[in-house]
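Just so we're on the same page: letters track the sequence lines, and every chain starts at 1.
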Amino acid sequence: MFFTTQLLEWNHQHNSRTMPWKGIKDPYRIWLSEIILQQTRVEQGQPYYERFITTYPTIQDLAAAPDEAVFRLWQGLGYYARCKNMLAAARQVVQSYQGRFPDTYEAIQSLKGVGPYTAAAIASFAFNSHHAVLDGNVFRVLSRYFGIDTPVDSTAGKKEFAALAQELLPAGQSAVYNQSIMDFGASICKPQQPLCPQCPLSKKCVALRQQIVALLPVKSKKLVIKKRYFYYIVLDYKGQVFIRKRTGNDIWQNLHEFILLETPSPITVQELQASSGFKALLQDVFYTVQGISPAFKQQLTHQTIHSQFLLLSAAKKPAITNYMAVPINRLNNYAFPKTITDFLENKSLGLF
DNA sequence: AACCCGGGGGG
DNA sequence: CCCCCAGGGTT
């Protein structure tokens, strides 16, 4: 088939994308790289990958690690459910598979945090198993080359593209082919300004012939961005501050935070102190205001979060439930969201 | 099927 | 400001 042969030929001639996990056969390293790279750019994920491999050279090392140490190593990478699931999967492999990474697509996908894409990637890269990968690159390349306008974020689209991708997969070459199509999508058939003039597939590309390259792939869902206002109370008592671990499935699950009050709209510090939530939390606390931080703004994919930190010093030991008192110089043992990390590292505020 | 989850980079 | 990124889990 023209598409497949041209793609493999392009890979043979031009591909020079080098990554530490490329071409290796160790399923642990492949799995780790794939988890880190979910919805994450290669340049952003690579340093994390290297730190994880250095810190946890084997899956046994990772499975035996304390949760908090792993979350701390993951800090800043985002999508923290990945970290939780990664730990669960490592322990799954050690306990249910005697530490030997499963070698079939079905068993691999049964691991926590491993879906269709990641299972196909591991199965093909590590075991040359006949499963086509379907990621953002593949959606883009196939939708353009074959001129398919089915929305890629629909169930019908996923089925259609998955079947096509599998059909194109050459026998016995799944590892190199899967690697090729993703590299090709990342370097030639890019989301913006694709390099059509030098594309080895341009001769038969439907989207190029119809001049709809920039319109593909089609996505149907529209993004709604919420605004949220966080007020963090940094309550200090004799060099210790109160933090807790976020639970549930909301943003920043399993990361830590200071005492938090959230409001639907921005308010002043005076209004905050007068609010019922503030009084309920700090009603029995005798404190003095030590400082007020500037407003921090963080733009996330689906929400904009404005945060402000209010530094309080307690005169007597506060009775705050659900939070733990941690010495300030021990805060670096805990994983925090980017906003709090930025706050803690901003020495110019003179807060600590 | 709809919705949720971070952070960074580029135009 | 927008979009995209080697997606997956929950409801």
Q.
With nearest nucleotide decided by heavy atoms, which residue, A:Arg41 or A:Lys297, maps closer to the 5′ end of DNA chain C?
A. A:Lys297
Q.
Here's a test of your reading of the structure: between A:Gly136 and A:Gln192, which maps to the more 5' nucleotide of DNA chain C?
A. A:Gln192
Taking any heavy-atom pair under 4.0 Å as a contact, classify [X]: base, sugar-phosphate, or nothing.
X: A:Gly76; answer: sugar-phosphate
X: A:Trp21; answer: base
X: A:Gln46; answer: nothing
X: A:Ile36; answer: nothing
X: A:Met19; answer: base
X: A:Asn254; answer: nothing
X: A:Gln298; answer: sugar-phosphate

Q. Between A:Gln109 and A:Ala119, is there a donor-acceptor pair closer than 3.5 Å when you use the side chain of the first and the backbone of the second?
A.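 Checking the backbone N and O of A:Ala119 against the side chain of A:Gln109, no donor-acceptor pair under 3.5 Å is found.
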Any N/O pairs under 3.5 Å between the protein and nucleotides 8-11 of chain C? List them or say none.
residue: C:dG8; atom: OP1; partner: A:Gly115; partner atom: N; Å: 2.8
residue: C:dG8; atom: OP1; partner: A:Gly115; partner atom: O; Å: 3.3
residue: C:dG8; atom: OP1; partner: A:Thr118; partner atom: N; Å: 2.9
residue: C:dG8; atom: OP1; partner: A:Thr118; partner atom: OG1; Å: 2.6
residue: C:dG8; atom: OP2; partner: A:Pro116; partner atom: N; Å: 3.4
residue: C:dG8; atom: OP2; partner: A:Tyr117; partner atom: N; Å: 3.2
residue: C:dG9; atom: OP1; partner: A:Gly113; partner atom: N; Å: 2.8

**Q.** Side chain proximity check, A:Ser307 to A:Tyr232, heavy atoms < 4.5 angstrom
**A.**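 SC-SC contact between A:Ser307 and A:Tyr232 confirmed.
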(Q) I'd like to know if A:Thr40 reaches the base of B:dG8 with its side chain, counting only an N/O donor and acceptor under 3.5 Å. (A)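 There is none.
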Q. Can you give the dot-bracket line for DNA chain B, using ( ) for pairs inside the strand, [ ] for pairs that cross earlier ones, | for pairs with another strand and . for unpaired bases, where Watson-Crick and G-U count if both distances are under 3.5 Å?
A. |||||.|||||
Q.
Under 5.5 Å centre to centre and under 30° between planes: does that hold for A:His302 and the six-membered base ring of B:dC4?
A.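 Here the ring of A:His302 and the base of B:dC4 are not stacked, as the 5.5 Å and 30° limits are not both satisfied.
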